[in-house]
Protein chains: 2
Amino acid sequence: MTKSVALPEACVEALADTMRPDFLKALCDPVRISIVATLAMRTRPATVSEITDCCGIDFSGVSRHLKILKEAGILHSHRDGRRVLYNLDVDALAATLRAMADTLEVCQREAV
Amino acid sequence: MTKSVALPEACVEALADTMRPDFLKALCDPVRISIVATLAMRTRPATVSEITDCCGIDFSGVSRHLKILKEAGILHSHRDGRRVLYNLDVDALAATLRAMADTLEVCQREAV
DNA sequence: CCATTATTTGCACGATTGCGCAAATTTCAT
DNA sequence: ATGAAATTTGCGCAATCGTGCAAATAATGG
């Protein structure tokens, strides 16, 4: 009788769940990276205009980048009057990154 | 006298060091993600031909993807006869991801 | 030396991406 | 209502990217 081991399929699924292309794609652009970094150094949400100051491009481009980050689940936003406030849930993002690390190591340990 | 706090500049630098665009860019393509996942589930290095079986594209494309991952410091390679073996240092990759998570959280805690 | 195997690279093409500008939209103030 | 402020969206353009095919390179075996 063979020893029971985790199925390779479980790793395939776990890796597909944690290494989501849309998540990683959202983080691969220099401007979006600086947006995330900028928001990580704040406790309060920031407006599009404030965020624009940190990236050297037009605010319309910043708006598009924010949309991409939001759709990837990295940022959240809500209206406040005529402003739109964007905020980063740092703990959630950190947890996602650690989940990737954990999954990679678990799969490595179970590897043949 | 004010209490000594970490300079914001330290966070800017730490974030720039950990959230490297070339690293994140290397991980943003679906094929490259599946290459990393494939190698994470192995203990032994794999040849280009073996890796090609896991991605649905031509081996020339796989070779290019491997080059990108290697230049980002994610993969290593060495020749073995006419084969070239690629391997993933899972622990190093996991450490890089956790460093990102740690830096983000540290900067968040020091944020104003 | 020649044929074979494995990988890399040159090239061209189509698709995607990021960008600025201008127009549209939303909300507020007077 | 009218105008101003903040953001989003449409559009076109240049640049980058991923891909397949074919040729070049590297290494082995007969």
Side-chain angles (χ1 to χ4, degrees), chain A residues 15-16 19-39 42 44-89, chain B residues 15-16 19-39 42 44-89:
Chain A
L15 286 166
M19 305 191 68
R20 290 168 27 225
D22 69 311
F23 170 80
L24 290 164
K25 221 157 167 36
L27 287 180
C28 79
D29 178 84
V31 172
R32 291 196 287 271
I33 292 174
S34 74
I35 291 174
V36 169
T38 298
L39 291 175
R42 299 177 54 121
R44 293 278 162 206
T47 66
V48 178
S49 305
E50 288 170 333
I51 297 170
T52 298
D53 296 336
C54 307
C55 349
I57 64 169
D58 193 76
F59 60 89
S60 65
V62 174
S63 177
R64 282 179 229 269
H65 283 303
L66 290 168
K67 184 181 183 182
I68 291 170
L69 288 166
K70 183 179 178 180
E71 285 174 351
I74 297 171
L75 300 184
H76 301 95
S77 71
H78 67 275
R79 270 218 171 257
D80 173 39
R82 26 190 169 190
R83 318 248 172 129
V84 177
L85 298 175
Y86 282 88
N87 71 294
L88 170 66
D89 185 345
Chain B
L15 286 166
M19 303 191 69
R20 291 169 28 227
D22 69 310
F23 170 79
L24 290 163
K25 221 158 166 36
L27 287 179
C28 78
D29 179 84
V31 172
R32 292 196 288 270
I33 293 174
S34 75
I35 290 174
V36 170
T38 299
L39 291 175
R42 299 178 53 121
R44 295 277 162 208
T47 66
V48 178
S49 305
E50 287 170 333
I51 296 170
T52 298
D53 295 337
C54 306
C55 349
I57 65 169
D58 193 76
F59 59 89
S60 65
V62 174
S63 177
R64 283 179 229 270
H65 283 303
L66 290 169
K67 185 181 184 183
I68 292 170
L69 288 166
K70 184 180 178 180
E71 284 174 351
I74 297 171
L75 299 184
H76 301 95
S77 71
H78 67 275
R79 268 219 172 259
D80 174 39
R82 29 191 169 188
R83 319 251 173 127
V84 176
L85 298 175
Y86 284 87
N87 71 293
L88 169 66
D89 185 344

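In what follows, chains are A, B, ... by sequence order, proteins preceding strands, each numbered from 1.
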To the nearest angstrom, how far is [X] atom [atom1] from [N] atom [atom2]?
X: A/Asp80; N: D/dA6; atom1: CG; atom2: P; answer: 12 Å
X: B/Leu85; N: D/dA26; atom1: CG; atom2: C1'; answer: 15 Å
X: A/Asp22; N: C/dT16; atom1: CG; atom2: P; answer: 16 Å
X: A/Asp53; N: D/dT7; atom1: CG; atom2: P; answer: 11 Å
X: B/Asp29; N: D/dT16; atom1: CG; atom2: P; answer: 17 Å
X: B/Leu24; N: D/dC17; atom1: CG; atom2: P; answer: 15 Å
X: B/Glu50; N: C/dT5; atom1: CD; atom2: P; answer: 17 Å
X: B/Arg83; N: D/dG29; atom1: CZ; atom2: P; answer: 11 Å

_Candidate nucleotides C/dT7, D/dT7, C/dG18, ranked by approach to the side chain of A/Arg32 - the nearest_ = C/dG18
*Among C/dT17, D/dT7, D/dG20, find the nucleotide with the atom closest to the side chain of B/Asp58.*
D/dG20
*C/dC28 OP1/OP2 closer than 4.0 Å to side-chain N/O of A/Arg82*: no
*C/dT8 OP1/OP2 closer than 4.0 Å to side-chain N/O of B/Tyr86*: yes
Are any non-hydrogen side-chain atoms of [X] and [Y] less than 4.5 angstrom apart?
X: B/Thr47; Y: B/Asp80; answer: no
X: A/Thr38; Y: A/Ile51; answer: no
X: B/Ile74; Y: B/Leu88; answer: yes
X: B/His76; Y: B/Asp89; answer: yes
X: B/Cys28; Y: B/Arg32; answer: yes

*Measure the spacing between CG of A/Asn87 and NZ of A/Lys70 and express it to the nearest 0.5 Å.*
10.0 Å
*Hey, is the main chain of B/Lys67 close enough, under 3.5 Å, to the side chain of B/Arg64 for a donor-acceptor pair?*
no
_Residues touching DNA chain C, which here means a heavy atom under 4.0 Å, drawn from residues 59-77 of chain B_ = B/Phe59, B/Ser60, B/Ser63, B/Arg64, B/Lys67
*Look at the side chain of A/Arg79 against the base of C/dT27 and say whether a donor-acceptor pair falls under 3.5 Å; ignore hydrogens and angles.*
no
*Nearest nucleotide by nearest heavy atom, which residue falls closer to the 5' end of DNA chain C, A/Gly81 or A/Val31?*
A/Val31
